[in-house]
Protein chains: 2
Amino acid sequence: MLTDRQVLILQVIVDDFIRYALPVGSRSLSKKEEISFSSATIRNEMADLEELGFIEKTHTSSGRIPSEKGYRYYVDHLLAPQELQSADLRIIKSIFAERIYELEKIVQKSARILSEMTSYTSIVLGPAVKDNRLRRLQIVPLNRETATAIIVTDTGHVENRTFHFPSGVSPSEVEKMVNILNEKLSGVPLVELNAKIYKEIAAILRRHIQNYDLMTEVLGETFKIPSNEKIFFGGKTNMLNQPDFTDLEKVRGLMSMIEQEDGLSEMIRQNPEGISVKIGRENNNSAMENCSLITATYSVGAEKLGTIAMLGPTRMEYSRVIPLLKIVSADMSAVLTKLYQNG
Amino acid sequence: MLTDRQVLILQVIVDDFIRYALPVGSRSLSKKEEISFSSATIRNEMADLEELGFIEKTHTSSGRIPSEKGYRYYVDHLLAPQELQSADLRIIKSIFAERIYELEKIVQKSARILSEMTSYTSIVLGPAVKDNRLRRLQIVPLNRETATAIIVTDTGHVENRTFHFPSGVSPSEVEKMVNILNEKLSGVPLVELNAKIYKEIAAILRRHIQNYDLMTEVLGETFKIPSNEKIFFGGKTNMLNQPDFTDLEKVRGLMSMIEQEDGLSEMIRQNPEGISVKIGRENNNSAMENCSLITATYSVGAEKLGTIAMLGPTRMEYSRVIPLLKIVSADMSAVLTKLYQNG
DNA sequence: GTTAGCACTCTCTTAAGATGAGTGCTAATT
DNA sequence: AATTAGCACTCATCTTAAGAGAGTGCTAAC
């Protein structure tokens, strides 16, 4: 168990290091307002804190920096429920000031603004399209050989694919088919479309449509909806400007991890609902060793839709980013709930 | 005017430096097969080449590296019409092996494969959507308040926007309006849609549609088509692995230039039709000082559609990348011409 | 015109000393 | 018993010096 004084010292060390990115020594600590005892006392306390694993040295005679355990303690116990700075608050409100009707627009704008405010990298996972429900299917012939199939979901998301048009299928038949499919499949989650077509609708179609086989083969391909969430970025290269990343090797690793979107989105998706902070190796990813990831989920009503995340150095401004993400995710949930539930 | 021997030496210097990224000295040059005279002779020739501005030293007693002028001469005069390596050729052919019906798919795949083959960064500008022609307009109501407008173009490109649905407009009226618009606007380039609506169709609409004003205002917004080409990347972070970019400052500049898509696409678009090579400062961009950009346009029939570009260090393998881009752009043009002109 | 030879230049590496920030420990003080 | 002053010690960083190696420019010989 830490004494009050140890906690105070830990707090000041973390705050100072977050601010200046330099190891903190006993002498400079003793000069802080909050601290009323001598550097020697601090040295003793720091020795204990180090033994307990909360801080560490970069070399034998350096000042201390927080360890991952230290950051963890700081995040869990030392972050007073922080007020958001009013300037920050104003900017956030401006995201949601104008009425927007498209989820992607909101998501993109949030990502951009968050990264600009913090100079960290923001990552937003959109909702998985596969859970949307079919609102309307449409087939638009382009020429004798090809046509575009369009799927509109209940959230206004549009998927489309252009395909080869089997010869021997007449336009009127296509229309008939589209009508049947619309009637039977409206409201079905996209992920279930294919199964539903084969199980329940095949019989009906076969009765009404010539060339049934050709058409379903083609449509089956079309209904292969991308299974993953869309991913949006803000400030992808912001990390290059952090003083923590002067080592080209680290930069390389980090950047290629960010490029590798699948892994990143998996890493983010794993996090639990609500706010979550993963520090350094807690992310189970070697490229993330010196990074922290803060995630917040957003939802419509009670249903989780996606995740907003901020990626920064372990030394990131938790006390600012956490309330920032809290409010953005809450606002986003509110806007989206209004958008999709009232309608 | 350069003597044959000077040209030979320049050629070998450039080839060697492209390969090993190290300044080339007279002694190592004299050991090359192609070279049958002594290092002293080479030194004399190199002194002349340097005076003429084709090569330069990194410091007083270093070997020589090509200057931008040297690369320029190399590209203009020393690149024998190069055969593409058969391995490369096979990979390229595989891009176009399977039948694809969507331009974006082809473009994306090309970008990815080009970057993987070369370990440079590939950038592909898609065609500007605004020049596509309207094939079909569709409005799909989502709920009482919102609807999604969908525009399908003759190339199978789909644009969509979700908008607020003015109260007091009945579904049947919307349908009537959509029908009129489809009839009158089919085949019109997207960029002209708005003007056409106001000039020619307004009168007709006003006669048939109640709430005409509300609807056109909303649709006007919807028809604001993004004016720029879509841009696709392959291997965005490949440049980090080039030995030329060990300086973090350069990396920063380059990366943020790449992130800044508008400027980049402008820089690429400026280039003339066909193949173009811009070396270092020829790109008029400080972040590109140590980079070259090779661009190739692709087209449908005679109409230029877009540009494929490869971004690498000035020290890039021109002799490989140029034929690579030539063939990819030609193949792409062929596929797209077949796709869009026969139909 | 070409080449061998040589003095010279500059980078890079290594080592050594000087500096300074910071520590750990001990003994004195409160 | 807790705190603090004092001091020896450690280590990164900076500066300087020296040596090695790659390469050049110039001169004189071929």
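Every value quoted in this text rests on a predicted model; they were computed, and no experiment measured them.
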Answer yes or no: is there a side-chain heavy-atom contact under 4.5 Å between [X] and [Y]?
| X | Y | answer |
| --- | --- | --- |
| Leu324(B) | Met310(B) | no |
| Glu317(B) | Thr118(B) | no |
| Lys278(B) | Met288(B) | no |

Check whether [X] reaches the backbone of [Y] with its side chain - one donor and one acceptor, N or O, closer than 3.5 Å.
| X | Y | answer |
| --- | --- | --- |
| Thr237(A) | Ser256(B) | no |
| Asp48(B) | Glu45(B) | no |
| Gln242(B) | Ser119(B) | yes |
| Arg64(B) | Lys57(B) | no |

Heavy-atom count around Asp4(B) CG within 6.0 Å, excluding the residue itself: above 12?
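Check fails, neighbour count at 12 or below.
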Decide if atom CD of Glu51(B) counts as having more than 12 heavy atoms of other residues, nucleotides or ligands within a radius under 6.0 Å.
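12 or below, so no.
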Got a sec, which residues hit side chain to side chain contact (heavy atoms under 4.5 Å, CB included) with Leu89(A), two or more places apart in sequence or on another chain?
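Counting only residues at least two positions away or on another chain, Leu89(A) forms a side chain to side chain contact (heavy atoms under 4.5 Å, CB included) with Leu84(A), Ile327(A).
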Interatomic distance, [X] [atom1] vs [N] [atom2] [rounded to whole Å]:
| X | N | atom1 | atom2 | result |
| --- | --- | --- | --- | --- |
| Glu50(A) | dG22(C) | CD | C1' | 12 Å |
| Arg43(B) | dT9(C) | CZ | P | 16 Å |
| Ile42(A) | dA21(C) | CD1 | C1' | 15 Å |

Drop me the distance from Arg320(B)'s CZ to Leu79(B)'s CG, to the nearest 0.5 angstrom.
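That separation rounds to 14.0 Å.
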Angle between the two end axes of the helix from dG1(C)-dC30(D) to dT30(C)-dA1(D), five base pairs per end, rounded to 10 degrees?
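Here the helix ends are tilted 20° relative to one another.
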Can you give me the first and the last nucleotide of DNA chain D (5' to 3') that has an atom within less than 4.0 angstrom of a non-hydrogen atom in chain A?
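Span of nucleotides near chain A: dT3(D) to dA12(D).
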Any ring pair (Phe, Tyr, Trp, His ring centres under 6.0 Å) involving residues 29-59 of chain B? Give me the pairs, sequence neighbours left out, ordered by first then second residue.
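Found Phe54(B)-Tyr73(B).
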Can you name the one residue among Lys32(A), Arg315(A), Lys31(A) that meets salt bridge (charged side-chain N to carboxylate O under 4.0 Å, His left out) with Asp16(A)?
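Option passing the salt bridge (charged side-chain N to carboxylate O under 4.0 Å, His left out) with Asp16(A): Lys32(A).
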Residues of residues 59-70 of chain A with any non-hydrogen atom less than 4.0 angstrom from an atom of DNA chain C: list those, numerically ordered, please.
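Residues of residues 59-70 of chain A that come under 4.0 Å of DNA chain C are, in numerical order, Ser61(A), Ser62(A), Gly63(A), Arg64(A).
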Contact residues, residues 23-40 of chain B to DNA chain C [heavy atom, < 4.0 Å]:
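When residues 23-40 of chain B is checked for heavy atoms under 4.0 Å from DNA chain C, the hits, listed by number, are Phe37(B), Ser38(B), Ala40(B).
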DNA chain C: 5'-proximal contact among Ala47(A) and Thr58(B) (nearest heavy atom):
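First, find each residue's nearest nucleotide; the 5'-ward one identifies Thr58(B).
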Check whether any side-chain nitrogen or oxygen of Arg5(B) sits under 4.0 Å from OP1 or OP2 of dT2(C), and answer yes or no.
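For Arg5(B), the contact criterion (side-chain N or O under 4.0 Å from OP1 or OP2 of dT2(C)) is met.
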